[in-house]
2 protein chains.
Amino acid sequence: MEQSGLSRGIRALWGVEERPRRGPKPTVTVHEIASVAMEIADGDGIQAITMAAVAGRLGLTTMALYRHVDSRSDLVAVAADAALGRPPATSRRAGWRRQVGEWARAELAQLQAHAWVLDVILEGPPAGPNNVAWMDSGMQAIGRTGLDPQSAASALLVVDGFVRSMVGQARQYGPGTGWARALASVVDPDEFPAVSTALEAGTFDDDEAFPSDQDVEFGLSVVLDGIEQLIAAGSRR
Amino acid sequence: MEQSGLSRGIRALWGVEERPRRGPKPTVTVHEIASVAMEIADGDGIQAITMAAVAGRLGLTTMALYRHVDSRSDLVAVAADAALGRPPATSRRAGWRRQVGEWARAELAQLQAHAWVLDVILEGPPAGPNNVAWMDSGMQAIGRTGLDPQSAASALLVVDGFVRSMVGQARQYGPGTGWARALASVVDPDEFPAVSTALEAGTFDDDEAFPSDQDVEFGLSVVLDGIEQLIAAGSRR
DNA sequence: CGCGACTGTGTACGATGTAAAGAGTTAATT
DNA sequence: AATTAACTCTTTACATCGTACACAGTCGCG
């Protein structure tokens, strides 16, 4: 009665499909498919997720996958949801700052373990169960601020944005391929004084482990302080 | 003497290539290529950037493009740099808060006009001239805080992260395809109380124009307040 | 003039996503 | 028990796309 607007793979992840009465039982579940696709991406990046590769590992033909997912992009969506996993239980008794902080650090860890998730091109909001679980967990944490729902949602969005950008930056500036040196050879100090100065000062030199815990805590405290200000100002809006 | 580590297309964008002495003059410049590729992506998304499509619009064969860019991903990188454009001149006399705010709003506007830039899968940090120009502009603005360079860079990163996440969210939650309704049909209120409540309260209902200026100012003030706290605390670290 | 450097072309191939038709399998229906 | 509908997986085929390779034409230096 509801076509639900969700893709086949996502619908299957939610487990709301009634099992068909006739016909052979499927030899694989969407969860298995998602899991295999995730492993492939963990190893070789998102573009390594191909219908043939995933099917092959499952002992199926390429086309058999289409019984479980609508398309490659559905397959990727399903893999991405699997990569998120369930959020850890939060310490419900703690204050909002600690809870939100924990949530952010957990998300960061999860995304860093599967950084290719950032490469997923999404059409529409993520609707997988794990995605929703993280959202729920985050909203519970930020709800402790007492902010009105709209403000809380926006604030959580800022936190999430920070985490994702952190992961993204980590991949880019992390394992230095001599980026700083390459840039130095083309940047004109007169045109780009600030960048040029930073380059000379070594600000961009390959931080072996970027972001360090320090970097994370730094940015996180900036964001959380901002939210604190907001609360103090009495959630207008 | 220097292989510079940059791709052919990016190097050409910087204009540091010495013109070859012999041989026919190229019929197109990398800037033209980038511009055409950008227009294609503006119209039909990043995946519409194909070698054939770009070459076709320029009256070239597919293979001719390889004289100017190394690969498709180089082509996309070059198009993305073009899409950023040059950052607007900032009001240098203003305080840091206003300058950084302007910078962020400008970046937001630019990215919203070419949201596909967020879909670019980057291998290594962005090294195009426009990208560096934005970086320079941002670092000049945040430099006015008086924070030490490392802290300033980290803070700017938070701002940039916020802007990008805002654009990303805008695409996802914006022109509603009935996402909220679809989710409501699968979410169990007992399992995900916070999301469920928000769904019922209409928090996720299609905001016609999301993010509104209000949403942006809201998040931006959170971020800037955080930075202000940091300054007040006397930039430790 | 001719040689070398360079730009663009034509052809070919492999990888990939997916449409279409069919063979085999299971359970409800007769 | 036979039939039939619903379902899963396979086979085959094809269009799209990135790119390697060989080559033809063009310009400037010696």
Side-chain angles (χ1 to χ4, degrees), chain A residues 7-9 11-12 16-33 36-37 40-41 43-80 116 119-121 123, chain B residues 7-9 11-12 16-33 36-37 40-41 43-80 116 119-121 123:
Chain A
S7 68
R8 197 174 210 175
R11 248 180 298 133
V16 292
E17 298 288 83
E18 67 262 26
R19 258 269 265 101
R21 301 195 130 22
R22 307 166 222 217
K25 288 163 196 164
T27 60
V28 295
T29 66
V30 176
H31 291 275
E32 292 175 282
I33 293 176
V36 164
I40 291 176
D44 298 319
I46 195 177
Q47 61 182 1
I49 298 185
T50 73
M51 303 302 277
V54 173
R57 279 217 203 177
L58 290 165
L60 296 178
T61 56
T62 302
M63 292 309 293
L65 282 188
Y66 286 92
R67 286 283 130 196
H68 302 92
V69 297
D70 285 333
S71 61
R72 173 174 187 270
S73 89
D74 192 19
L75 172 62
V76 170
V78 153
W116 55 269
D119 296 333
V120 176
I121 297 183
E123 24 205 80
Chain B
S7 68
R8 200 175 214 181
R11 251 182 294 133
V16 293
E17 299 287 82
E18 66 263 24
R19 257 270 265 102
R21 299 193 134 24
R22 301 159 237 221
K25 289 162 194 164
T27 62
V28 295
T29 65
V30 175
H31 291 276
E32 292 174 283
I33 293 175
V36 164
I40 292 175
D44 299 318
I46 196 176
Q47 62 183 2
I49 298 184
T50 73
M51 304 302 276
V54 174
R57 280 218 204 178
L58 290 164
L60 296 176
T61 55
T62 301
M63 291 310 293
L65 281 188
Y66 286 90
R67 289 281 149 204
H68 301 92
V69 296
D70 285 334
S71 62
R72 174 173 187 268
S73 88
D74 192 17
L75 173 62
V76 170
V78 152
W116 55 268
D119 296 332
V120 176
I121 298 183
E123 26 204 81

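Throughout, protein chains are lettered first and strands after them, A, B, ... in sequence-line order, and every chain is numbered starting at 1.
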Using the closest heavy atom to pick a nucleotide of DNA chain D for each, name whichever of B/Pro24 or B/Ser73 lands nearer the 5' end.
B/Ser73

What is the distance, rounded to the nearest whole Å, between atom CD of B/Gln47 and atom P of C/dT16?
17 Å

Per A/Tyr66 side chain, nearest of listed nucleotides C/dT18, C/dT11, C/dT7:
C/dT18

Does C/dT16 have OP1 or OP2 under 4.0 Å away from a side-chain N or O of A/Thr62?
no

Spatial distance of atom OG1 (B/Thr61) from atom CE (B/Met51) [nearest 0.5 Å]:
10.0 Å

How close or far is atom P of D/dT19 from atom CZ of B/Arg8, stated in whole angstroms?
14 Å

So what does A/Ser71 hit on the nucleic acid, given a heavy-atom distance under 4.0 Å: a base, only sugar-phosphate, or nothing?
sugar-phosphate

In whole angstroms, how far is the P atom of C/dC6 from the CE atom of B/Met63?
18 Å

Hey, which sits more toward the 5' end of DNA chain C by its nearest nucleotide, A/Lys25 or A/Ile49?
A/Ile49

Could you give the CG-to-P distance, from B/Leu60 to C/dG8, as a whole number of Å?
6 Å

Quick check on D/dG18: is either OP1 or OP2 less than 4.0 Å from any side-chain nitrogen or oxygen of B/Arg72?
yes

Between B/Arg57 (side chain) and B/Ala37 (backbone), is there a donor-acceptor pair under 3.5 Å?
no

Taking only N and O in the side chain of A/Arg67, is any of them less than 4.0 Å away from OP1 or OP2 of D/dT8?
yes

Taking A/Ile121's backbone N and O only, do any of them form a donor-acceptor pair with B/Asp119's side chain (distance below 3.5 Å, no angle check)?
no

Can you see if the side chain of B/His68 gets near the phosphate of C/dG8 - specifically, an N or O under 4.0 Å from OP1 or OP2?
yes

Starting at CD1 of A/Ile46 and ending at C1' of C/dT16, how long is that distance when rounded to a whole Å?
15 Å

Nearest to the side chain of A/Thr50, heavy atoms from C-beta on, is which of D/dC7, C/dG17, C/dT9?
C/dG17

Between CZ of A/Arg67 and OG1 of A/Thr27, what distance do you get to the nearest 0.5 Å?
12.5 Å

Output the single nucleotide from D/dA6, C/dT9, D/dT26 whose closest atom is nearest the side chain of A/Arg22.
D/dA6

For B/Glu18 and D/dG28, give me the distance from atom CD to atom C1', rounded to whole Å.
16 Å

Would you say D/dT11 has OP1 or OP2 under 4.0 Å from some side-chain N or O of A/Thr61?
no

Do the side chain of B/Asp74 and the main chain of B/Val69 share a donor and acceptor less than 3.5 angstrom apart?
no

Take atom CG of A/Asp74 and atom P of C/dT18, then tell me their distance rounded to the nearest Å.
10 Å

Please state how far atom CG in B/Asp70 lies from atom C1' in D/dA20, giving the value in whole angstrom units.
14 Å

